[in-house]
Amino acid sequence: MVDLKALHTRLANELDTAIMDVVRSGAYIKGPDVQAFEEELADYLGVRHVIACGNGTDALQLALMSLGLPQGAEVITTAQSFIATAEAAALLGLKPVFVDVKDDYNIDVSKIEAAITAKTVAIIPVHLFGKPCDISGITRLARKFSLYVIEDTAQALGAEYICDGQKMKAGTAGTIGCTSFFPTKNLACMGDGGAVWTNDDELGRRLRMLASHGSEKKYHNTAIGINSRLDTIQAAILRVKLRHLDDFNNRRRAIATIYNKRLADIKDLITLPFFDDSYSRHVFHQYTIALNRGNAEIRDNVRDKLKERGVSSMVYFPVALHKMPVFEADNRRVSLPNAERLMDSVISLPMHTEMKSEEVEYVCQMVHEVLAEVL
Ligand SMILES: *Cc1c(COP(=O)(O)O)cnc(C)c1O
């Protein structure tokens with residue numbers, strides 16, 4: 001699915017130097033690369049405060065902690081995401097309320113208002129697979145109902161959207177943005193890492209304090225926080241890779257363009273990713289198609305047959321969040337038909353920066369072959 005070693009071989013000179021500089025410096029925790037990376041990422045995103053942290057899940061947790069939300073408050077999020085999005089809320093005693101998705105796999109903004117109650121405090125949109133959500137619609141609702149917006153940008157770093165007529169980096173229009181640097185993400189380190197950002201000075205201060213045991217001054221802790229840090233060595237790696245992020249994302253977009261072109265003739269069988277540059281810049285963390293007919297068994301059969309031909313694939317995600325055992329009891333009466341259909345019909349095809357055009361062509365040929373056989 002992804003070839004991380006090939007990327008690291010290509011950037012070996014830059015990465016080896018950055019890593020060995022940290023090794024020799026001895027400053028493994030809170031070394032100078034951490035602050036430098038925070039500043040460079042803040043510049044790249046066009047935001048005032050970036051706080052590096054331990055991983056993307058911590059980033060979401062810190063974001064919610066910093067807002068001081070009351071127990072039992074409701075946060076609205078999408079039914080199609082990685083568990084962390086809802087888990088961070090539930091861990092803090094908040095109730096995730098799931099909203100259905102559209103065919104582009106992102107939260108259906110037209111369904112959010114019906115999910116808002118007197119207890120709702122925030123919306124957590126996820127820019128899934130690298131495609132930005134309808135952020136103008138989300139921020140409009142947030143203003144109307146006085147809600148915070150926490151953007152899960154773990155799959156979309158470097159994507160762009162237009163919010164109220166203004167072009168911005170995905171993740172920066174809401175109250176707080178969060179991301180992950182897990183090795184397969186668009187901007188990735190060689191272990192765990194994450195970051196959280198905001199334009200609000202007071203929230204920026206609180207986020208930094210909470211990520212550091214609730215202390216601004218050592219041994220004078222003022223709040224219950226957590227210990228969530230980005231290692232210096234990971235920050236040094238990320239500084240190198242941030243310089244290449246736009247190139248990485250352009251390559252992903254070029255691969256998606258080949259896929260879309262080569263699969264266009266079977267649009268009656270599969271739904272291709274929605275790719276419209278007029279209001280957003282998709283950065284294709286995943287290239288995900290959906291079978292228009294069939295069920296999970298047929299989908300899995302398609303994947304098996306692709307595998308026999310040397311094509312690996314993944315399912316993101318086989319269980320919608322409201323159907324997850326941990327959330328099911330609270331959501332027995334919730335029906336989200338699109339998310340429930342997609343969890344049985346999606347297939348993510350190989351997508352990574354080092355993929356060669358011939359490899360993409362081969363995958364497309366195999367998709368044609370297998371679908372002709374199975375459907
Ligand atoms: C990867 C991911 C996370 C969590 O990131 P970790 O660094 O693994 O904790 C959260 N949300 C989404 C949508 C993700 O893809």
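Numbering of ligands and ligand atoms starts at 1, following listing order. Not measured: the values here are computed from a predicted model. Computed from heavy atoms alone, side chains included, the values below leave out hydrogens, waters and symmetry copies.
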Open item on the list: I'd like to know whether NZ of Lys102 has more than 12 heavy-atom contacts from other residues, nucleotides or ligands below 6.0 angstrom.
Closed with: no

- [ ] In plain terms, say whether Arg205 and Glu216 are close enough for a salt bridge, that is, a side-chain N and a carboxylate O under 4.0 Å apart.
- [x] yes

Open item on the list: If we ignore hydrogens and angles and just use 3.5 Å, is the side chain of Asp152 paired with the main-chain N or O of Ala154 as donor and acceptor?
Closed with: yes

- [ ] Any chance you could lay out the ring pair (Phe, Tyr, Trp, His ring centres under 6.0 Å) test for Phe181 and Phe37, step after step, and finish with the verdict?
- [x] CA-CA 13 Å; Phe181 305 122; Phe37 172 64; 5.5 Å; yes

TODO: Look at Arg341 together with Asp103 and state whether they make a salt bridge at an N to O cut-off of under 4.0 Å.
DONE: yes

Contacts table for ligand 1: protein N or O within a distance under 3.5 Å of ligand N or O, distances only.
unit_1: ligand 1; atom_1: 5 (O); unit_2: Ser180; atom_2: OG; d: 3.3
unit_1: ligand 1; atom_1: 7 (O); unit_2: Gly56; atom_2: N; d: 2.7
unit_1: ligand 1; atom_1: 7 (O); unit_2: Ser180; atom_2: OG; d: 2.7
unit_1: ligand 1; atom_1: 9 (O); unit_2: Gly56; atom_2: N; d: 3.3
unit_1: ligand 1; atom_1: 9 (O); unit_2: Thr57; atom_2: N; d: 2.8
unit_1: ligand 1; atom_1: 9 (O); unit_2: Thr57; atom_2: OG1; d: 2.5
unit_1: ligand 1; atom_1: 11 (N); unit_2: Asp152; atom_2: OD1; d: 3.4
unit_1: ligand 1; atom_1: 11 (N); unit_2: Asp152; atom_2: OD2; d: 2.7
unit_1: ligand 1; atom_1: 15 (O); unit_2: Gln155; atom_2: NE2; d: 2.9
unit_1: ligand 1; atom_1: 15 (O); unit_2: Lys185; atom_2: NZ; d: 2.6

- [ ] Name all residues meeting the side-chain hydrogen bond (donor to acceptor under 3.5 Å, both in side chains) criterion together with Lys261; count only those two or more places apart in sequence or in a different chain, and write none if there are none.
- [x] none

